[in-house]
Amino acid sequence: MDANELLTRYAAGERDFRLANLRGIVLSPIDLFRSNDAPTLILANLNQHQQRPYLIGANLSGADLTKAHLSRANLSKADLSGANLTGANLMAASLSGANLIGANLTGANLAGAHLNWANLTGAILPNANLIGADMSAANLTKAVLTEANLSKAYLIKANLNGANFKDAYLSLASLKEADLTEAQLTGAELSKANLAGANLTRANLSKANLLKANLRRTNLTQAYLNGACLIGSDLSEACLDRANLCKADLSKTYLRNITLNGSHLSGINLSGADLSGVDLSRKLLTGINMAEALLNEANLSGAYLMEANLSGANLSKANLSLAYLINADLSNSCLHEINLSKANLSKANLQKADLTGANLRGAILTEADLTGAKLIGATLPNGTVYRR
C-alpha cells in the first residue's frame, strides 16, 4: 500500500489497517522530506507548509512501518501496538495518547515528537533519537531505551517503572515526579537532569553521571548509586534510606535534610558537600573524605570516623560525642562550640583547628596533634575551661 492509497482510504472513513505492509512509506510533507528511492507523496492537502498528514485514531497494530517517513504526521490516539517502526522517521510527529505497547522503535527518529499520555509499555527503543521529545505522563513501564538519546526530553510524571535506560543519554531531561521504581540507569548520562520529586526506589544508578542534577525531594530508598558521579547535585530533602552509595562522588553536593538510615557509605566522597544539620549518628564513615564540607549542627554522635578527612570542614555546633576519630584529619577545621565529649581523638590531626568553646569533656586525645589549635573557652577532657 502506498501513501496515496492509505490516506485516500482513511479520508473515506476506513480506520482498520492492522498488519498492513507499509515499509518505507512516505507520509512526510514533501517540503520537509524528499527521497529518490521512495514514492513521492503528491496530495492536494499537503501542498502547504502548515499541512501535515493525519491518521488520528487509525488502527495500525502489527503493521510493518520499517523505515517509514512519518515526520510531522498526526498519529494521535492511533493503535500502533506491536508495530514495527525500526528506523522510522517520526520527527516532530504527534503520537499523543497513542497505543505503542510492544512496538519496535529501534533506531527510530522521534526528535521533538509528542508522546504525552502515550502507552509505550514494553516498547523497544534502543538507540532511538528522542531529543526534545515530550513524553509527559507517558507509560513506559519496562520499555527498553538502552543507549537512546533523550537529551532535553520531557518525562514529567511519566511511568518509567522497570524501564531500561542503560547507557542512555538524558542530559538536561526533565523527569520531575516521574516513577522510576526499579528502573535500570546503569552508566546513564543524567548531567543537569531535573529529577525533583521523582521516585527512584530500588533504581540502579551505578556509575551514572548525575553532575549538577536536581534531585530535590527524590525517593532513592534502596537505590544503587555505587560509583555514581553526583558532583554539584542538589539532594536536599531526598530519602536515601538503605541506598548503596559506596565510592560515589558527592563532592560539592547539597544534602540538607536528607535521610540516610541504613545506607552504605564506604569510600564515598563528600568533600565540599553541604551536610548542615544532617543526621549521621553511628554511621560507619571510616576513611571518608569530607574535606571542606559544611557540617555545622550535624549529628555525628557515635559515628565511626577513623582516618576520615575533615580538614577545613565546618563543624561548628555539631554533635560528635562518643565519635571515633582515631587518626582523623581535622586540621584547619572550624570546631566552634562542637560537642566532642567522650570522643576518641587518638592520633587525630587538629593542627590550626578552631576549637573555641568546644566541649572536650572526657575526650581521648592521646598523641593528638593540637599544634596551633585555638582552645579559648573550650572545656578540656578533665572538665576545666581553657582561658589562656
Side-chain angles (χ1 to χ4, degrees), residues 3 22-35 38 41 46 49-56 60 63 65-78 80 83-100 103-120 123-140 143-160 163-176 178 185 188-195 209:
L22 300 166
R23 290 177 67 92
I25 194 168
V26 182
L27 286 180
S28 302
I30 56 175
D31 58 335
L32 290 182
F33 179 85
R34 294 181 186 277
S35 174
L41 177 58
L46 291 179
H49 180 76
Q50 297 299 323
Q51 296 283 2
R52 58 168 63 189
Y54 59 92
L55 291 163
I56 300 170
L60 291 155
L65 287 151
T66 304
K67 294 185 179 179
H69 297 280
L70 303 161
S71 62
R72 296 185 73 244
N74 191 337
L75 291 152
S76 300
K77 298 182 181 179
L80 289 151
N84 187 353
L85 289 146
T86 302
N89 182 1
L90 288 150
M91 185 176 179
S94 177
L95 291 150
S96 301
N99 180 1
L100 288 149
N104 188 346
L105 290 143
T106 302
N109 184 2
L110 290 145
H114 296 275
L115 289 147
N116 45 307
W117 298 101
N119 191 344
L120 290 122
I124 311 298
L125 295 120
N127 298 111
N129 180 1
L130 288 149
I131 296 174
D134 186 356
M135 306 172 82
S136 300
N139 187 349
L140 287 116
V144 178
L145 295 119
T146 51
E147 299 183 44
N149 191 341
L150 294 110
S151 175
K152 299 180 182 179
Y154 295 91
L155 292 141
I156 301 167
K157 295 185 178 181
N159 185 352
L160 307 166
N164 188 346
F165 289 94
K166 186 176 185 294
D167 296 322
Y169 193 84
L170 291 140
S171 181
L172 295 168
S174 181
L175 296 118
K176 287 179 64 178
L185 290 147
E189 173 62 53
L190 287 150
S191 56
K192 297 183 180 179
N194 189 350
L195 290 141
N209 184 11

Distance-only donor-acceptor pairs under 3.5 Å for side chains of residues 105-116, two or more places apart:
from: Thr106; atom 1: OG1; to: Asn104; atom 2: OD1; distance (Å): 2.6
from: Asn109; atom 1: OD1; to: Ala111; atom 2: N; distance (Å): 3.1
from: Asn109; atom 1: OD1; to: Asn129; atom 2: ND2; distance (Å): 3.3
from: Asn116; atom 1: OD1; to: Ser96; atom 2: OG; distance (Å): 3.0

(request) Give, for atom CG of Asn89 and atom CZ of Arg72, the distance between the pair rounded to the nearest 0.5 Å. (result) 12.0 Å

(message) Within the structure provided, determine whether Asn164 and Leu185 are in side-chain contact (heavy-atom separation under 4.5 Å).
(response) no

(message) Can you tell me how far apart CZ (Arg23) and OG1 (Thr66) are? Round to the nearest 0.5 Å.
(response) 4.0 Å

(request) To the nearest 0.5 angstrom, please state how far the NZ atom of Lys176 sits from the OG atom of Ser136. (result) 10.5 Å

(message) Nearest 0.5 angstrom please: Leu80 CG to Leu100 CG, how far?
(response) 5.0 Å

(message) If the condition is side-chain hydrogen bond (donor to acceptor under 3.5 Å, both in side chains), which residues does Glu189 pass it with, not counting sequence neighbours?
(response) Ser191, Asn209

Could you list the donor-acceptor pairs under 3.5 angstrom formed between side-chain atoms of residues 148-160 and any protein atom two or more places apart in sequence or on another chain?
from: Asn149; atom 1: OD1; to: Ser151; atom 2: N; distance (Å): 3.1
from: Ser151; atom 1: OG; to: Ser171; atom 2: O; distance (Å): 3.4
from: Asn159; atom 1: OD1; to: Asn161; atom 2: N; distance (Å): 3.1
from: Asn159; atom 1: ND2; to: Thr141; atom 2: OG1; distance (Å): 3.3

(message) Nearest 0.5 angstrom please: Asp134 CG to Leu95 CG, how far?
(response) 11.5 Å

(message) With a 4.5 Å cut-off on side-chain heavy atoms, are Phe165 and Thr146 touching?
(response) no

(message) On a heavy-atom basis, which atom in Leu145 and which in Ala163 lie closest, and how many Å separate them?
(response) CD1-CB, 4.5 Å

(request) Indicate yes or no: at least one non-hydrogen side-chain atom of Leu75 is less than 4.5 angstrom from one of Leu60. (result) yes

(request) Go through the structure and list residues passing side-chain hydrogen bond (donor to acceptor under 3.5 Å, both in side chains) with Ser76, not counting sequence neighbours. (result) Asn74, Ser94

(request) Quick one: pull up NZ in Lys67 and CG in Asn84 and give me the separation to the nearest 0.5 Å. (result) 11.0 Å

(request) Might you point out which heavy atoms bring Leu27 and Ala3 nearest each other, and give the distance in Å? (result) CD2-CB, 3.8 Å

